[in-house]
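Taking it in order: structure first as structure tokens, then the write-up.
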Amino acid sequence: MKLRTKIQLFTSFFMFVFILLINASIYFLFYQNSVDSELDELAEQVNTILVAINQNEEIPPSELLKAFLPADGIIRIYPENGSPLVVHTKSSDYLGLPGEYSKSETREVLTYYGDRYATVSKPIIWNNGEIVTLHLSKKLVAITENMKTLFYVLILASVIIIIPIIIAGNLLARFLLQPIKALISTMKENMKHGKWKKIALTNRSKDELYEMEKTFNDMIDYLKENYEMQEIFVSDASHELKTPISIIKSYTQLLERRGQENPELIKESLDAIGTEAERMQKLVEQLLALAKNKEVQSGEDVNVTELIEETIDTFSRAYRRVIEFPEQGVPFYVHGNKDQLKQVFYILIDNALKYSDRNVIVNMEQFENKLAISVTDFGPGIPEDEKERIFERFYRMDKARNRNTGGTGLGLAIAKTITSAHGGAITVESSLGAGSIFKVLLPIKLS
Ligand code: ADP
């Protein structure tokens with residue numbers, strides 16, 4: 001069933017039930033009120049009869065009762081035992097109406113052959129001193145007529161109310177479905193033709209439908225941007241792999257052609273092939289690292305002080321360069337993955353050593369609830385407009401020079417991915433010619 005039909009049916013059904021309940025209440029309240037006032041009137045009349053009987057002792061009560069006989073009703077006097085003492089009525093139709101002796105005053109509505117009768121009975125003292133029951137019944141002619149009229153009026157009113165409700169339901173369904181339909185057709189078109197089409201925002205109040213349209217458009221922007229980034233990434237990655245492959249290929253061709261008569265060429269070619277194979281291996285490893293470091297892999301409390309000391313130790317031994325790390329009073333801890341965090345410091349220290357010839361300084365301090373680890377070098381520095389870009393994948397400031405340093409342009413992107421996954425951030429301060437300070441901020445666990 002279509003949403004539109006559902007909305008239409010639901011609103012109409014709900015309103016129908018609501019109107020039915022209201023009308024039924026009106027109908028029964030009106031009926032109850034009318035019957036109550038009829039019974040009050042009848043009880044009043046019974047009292048008047050009693051007063052008349054008491055005041056006119058010379059007139060026999062059975063005769064006096066005739067004066068109070070209603071046009072559509074019956075007056076009867078019931079003794080305690082036996083048949084009625086008095087029966088007055090203008091029509092024999094009412095003779096069969098149920099009635100009996102009763103010791104207390106009663107008021108009720110009797111139904112007899114489909115007609116309703118208001119009946120009041122009251123014990124009185126008859127002229128022979130006996131206690132009898134005065135029974136006065138009156139057919140509810142006016143009420144029956146009035147209730148019939150009220151019934152038709154309520155039916156008519158209900159129909160008149162239901163029509164605008166159906167129209168309103170229709171308009172509401174249309175109003176709600178218009179943006180949903182636009183959304184569906186845009187999504188279908190995007191899927192069918194591989195497009196990034198957005199929907200035109202309808203200029204209405206900022207309600208949930210507007211919010212839905214806007215979110216859809218934002219999502220399209222987000223997906224498009226991501227898709228384009230992936231495309232660039234794939235093309236950059238293949239481009240990066242293409243260069244070492246072509247170098248390896250040209251050296252193998254060279255070896256094939258002239259290798260046998262030129263032994264020196266064999267050594268040069270094998271060296272070059274080895275270097276390029278290593279470069280490809282590093283590139284592939286880093287590509288994998290980029291993919292797998294998007295989230296923290298099994299976290300624990302990591303002693304960062306110890307981690308940095310280990311990393312510095314590895315570098316100092318391999319490069320014979322001075323990496324200063326002032327003595328820490330207390331060890332600092334963060335929650336995260338040891339190997340991933342080590343990789344961040346490895347990348348930063350490696351860059352500092354690669355891009356400068358002087359000493360490198362690593363520092364650590366607590367900054368509010370963060371741990372700030374800085375890696376300072378005194379190298380060429382980074383121009384202002386490149387500070388953001390160096391964290392992009394494959395971005396290298398000086399491609400030719402970086403090739404010599406073995407750079408892939410992926411290190412800082414990996415460091416940023418890992419830091420973000422740990423709820424931290426990475427920044428750079430630099431002045432050209434003076435050096436750079438890379439700072440990693442991580443939520444501190446304890447110190
Ligand atoms: P790479 O593998 O090329 O070093 P990175 O992502 O680590 O890739 O660095 C991106 C670029 O940022 C580098 O190519 C280099 O130009 C620049 N860079 C990174 N660290 C430093 C630094 N300490 N000093 C100067 N330039 C740097």
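Remember, it's 1-based here, ligands and their atoms both numbered in the order they're listed.
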Item to complete: Report yes if Gly411 has an N/O atom closer than 3.5 Å to an N/O atom of ligand 1; otherwise report no.
Response: yes
Item to complete: Verify the distance criterion only: is there a donor paired with an acceptor across the side chains of Thr408 and Gln286 at less than 3.5 Å?
Response: yes
Practice prompt. Using distance alone, decide if ligand 1 has a nitrogen or oxygen within less than 3.5 Å of any nitrogen or oxygen in Ile347.
Written response: no
Fill in: Per-atom contacts, ligand 1 versus Arg396 - under 4.0 Å to a heavy atom
3 (O), 14 (O)
Item to complete: Sequence neighbours left out, what pairs pass side chain to side chain donor-acceptor pair (under 3.5 Å) with at least one residue falling in residues 314-325?
Response: Asp313-Arg317, Glu324-Asn359
Worksheet item: Can you tell which of Tyr395, Phe438, Phe394 gets a heavy atom nearest to atom 11 (C) of ligand 1?
Response: Tyr395
Worksheet item: Side chain, backbone, both or neither: which part of Lys354 comes within less than 4.0 Å of ligand 1 when only heavy atoms are counted?
Response: side chain
Discussion item. What I want to find out is whether Arg258 reaches Glu264 closely enough, with some N-O distance under 4.0 Å, to be called a salt bridge.
Written reply: no
Discussion item. Judged on heavy-atom distance to atom 20 (N) of ligand 1, which of Asn351, Val428, Leu410 sits nearest?
Written reply: Asn351
Discussion item. With a sphere of 6.0 Å drawn around CD of Glu208, does it hold more than 12 non-hydrogen atoms of other residues, nucleotides or ligands?
Written reply: no
Item to complete: Compute the shortest N/O to N/O distance between Thr408 and ligand 1 and return yes if it is under 3.5 Å, no if not.
Response: yes
Worksheet item: Which atom names give the shortest non-hydrogen contact between Ile248 and Ala277, and what distance separates them?
Response: CD1-N, 4.0 Å
Worksheet entry | Partner residues of Lys292 under the salt bridge (charged side-chain N to carboxylate O under 4.0 Å, His left out) criterion, sequence neighbours left out | none
Discussion item. When you compare ligand 1 with Gly409, is there at least one nitrogen or oxygen pair between them that comes in under 3.5 angstrom?
Written reply: yes
Discussion item. Looking only at the side chains, is there a donor atom on one of Asn337 and Lys342 sitting less than 3.5 Å from an acceptor on the other?
Written reply: no
Fill in: Numbering as shown, the atoms of ligand 1 that approach Ser436 to under 4.0 Å (heavy-atom distance)
24 (N)
